[in-house]
Amino acid sequence: MSGPVTVPSSGPASSPGSSPGSIRGSSPGKPVPVPTPETQPFWDGCAAGELRIQRCLDCTRAFFYPRPVCPACGSVNVEWFTASGRATLYSYVINHRPAPGFGDDGPYAIAVVQLAEGPRMMTNLKGVASAPEDLTLDMPLRVTFEQRGDIYLPMFTPEAAS
């Protein structure tokens, strides 16, 4: 039998030089993602109102989260493209105990959506009540963007809410 495992902290997420993909803290507000060289095209697309993801030019598979190597075949021959912005609700959890900065939003749905191009991504839902009777799996969704600081975050809303 082993005891608890302690993972050393690398310091607060808001410290200068945070690790790639980190989240900049903004107390008491919501945290803001920090773009890295690998993720910058994604964030640039969001700022332009486009959901940009990557695909492999060798096996043609689309993937998300951004990375320099195809997770399906290992090729480095990848490109960015603008996705359709259409998705379906794959899974969700309703968060009743909001994280710091999200107190005014609770309860809210944290969702996994299946993009029309194939990949899944974690996101938030807007324009729909965060109640099981309103969150139907496979419901059609479309991307929308919410500004937080200098970043635009992709969120999804029911397709019927157009």
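Below, each value reflects all heavy atoms present in this structure, side chains not excepted, and no hydrogens, waters or symmetry copies.
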Without swapping roles, check the side chain of Gln147 against the backbone of Gly149 for a donor-acceptor pair under 3.5 Å. yes
Quick check against the 3.5 Å criterion: does Arg86 have a side-chain atom that pairs as donor or acceptor with the backbone of Pro140?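 No, the answer is negative, given that no donor and acceptor are paired below the 3.5 Å cut-off.
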Can you tell me how far [atom2] of [Y] sits from [atom1] of [X], rounded to the nearest 0.5 angstrom?
X	Y	atom1	atom2	value
Glu117	Gln54	CD	CD	13.5 Å
Met155	Thr144	CE	OG1	9.0 Å
Arg55	Thr60	CZ	OG1	9.0 Å
Leu141	Thr88	CG	OG1	7.0 Å
Cys46	Arg52	SG	CZ	8.5 Å
Leu89	Thr136	CG	OG1	8.0 Å

Are more than 12 heavy atoms, taken from residues, nucleotides or ligands other than Phe145, located less than 6.0 Å from that residue's CZ atom?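 Enclosed.
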Give a yes or no on this: more than 12 heavy atoms of other residues, nucleotides or ligands lie within 6.0 Å of atom CZ of Arg61.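 It does not: Arg61 CZ has 12 such atoms or fewer within range.
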Minimum heavy-atom separation for [X] to [Y], with atom names?
X	Y	result
Pro154	Thr123	O-OG1, 2.9 Å
Gly127	Thr157	CA-OG1, 4.0 Å
Ile53	Pro119	CD1-CG, 4.0 Å
Leu153	Pro33	CD2-CG, 3.6 Å
Val113	Ala87	CB-CB, 4.0 Å
Ser130	Leu135	CA-CD1, 4.2 Å

Same hydrophobic cluster for [X] and [Y], using side-chain heavy-atom links shorter than 4.5 Å among ILVMFWY?
X	Y	value
Phe63	Met121	no
Phe42	Val78	no
Leu51	Trp80	yes

Tell me, do Phe156 and Leu115 make a side-chain contact under 4.5 Å, heavy atoms counted? yes
Decide side-chain contact (heavy atoms from CB on, under 4.5 Å) for Trp43 and Val34; before the verdict, give the C-alpha distance in whole Å, the side-chain angles of both, and the deciding distance to 0.1 Å. CA-CA 9 Å; Trp43 297 116; Val34 178; over 6 Å; no
What side-chain donor-acceptor pairs closer than 3.5 Å can you find for residues 92-107, not counting sequence neighbours?
unit_1, atom_1, unit_2, atom_2, d
Asn95, OD1, Arg97, N, 3.0
Asn95, ND2, Tyr108, OH, 2.9
Asp105, OD2, Lys30, NZ, 2.6

Could you pull out all donor-acceptor pairs under 3.5 Å where a side-chain atom in residues 66-76 meets a protein atom, sequence neighbours excluded?
unit_1, atom_1, unit_2, atom_2, d
Arg67, NE, Tyr65, O, 3.0
Arg67, NH2, Phe64, O, 3.3
Ser75, OG, Asp58, OD2, 2.5
Ser75, OG, Asn77, N, 2.9

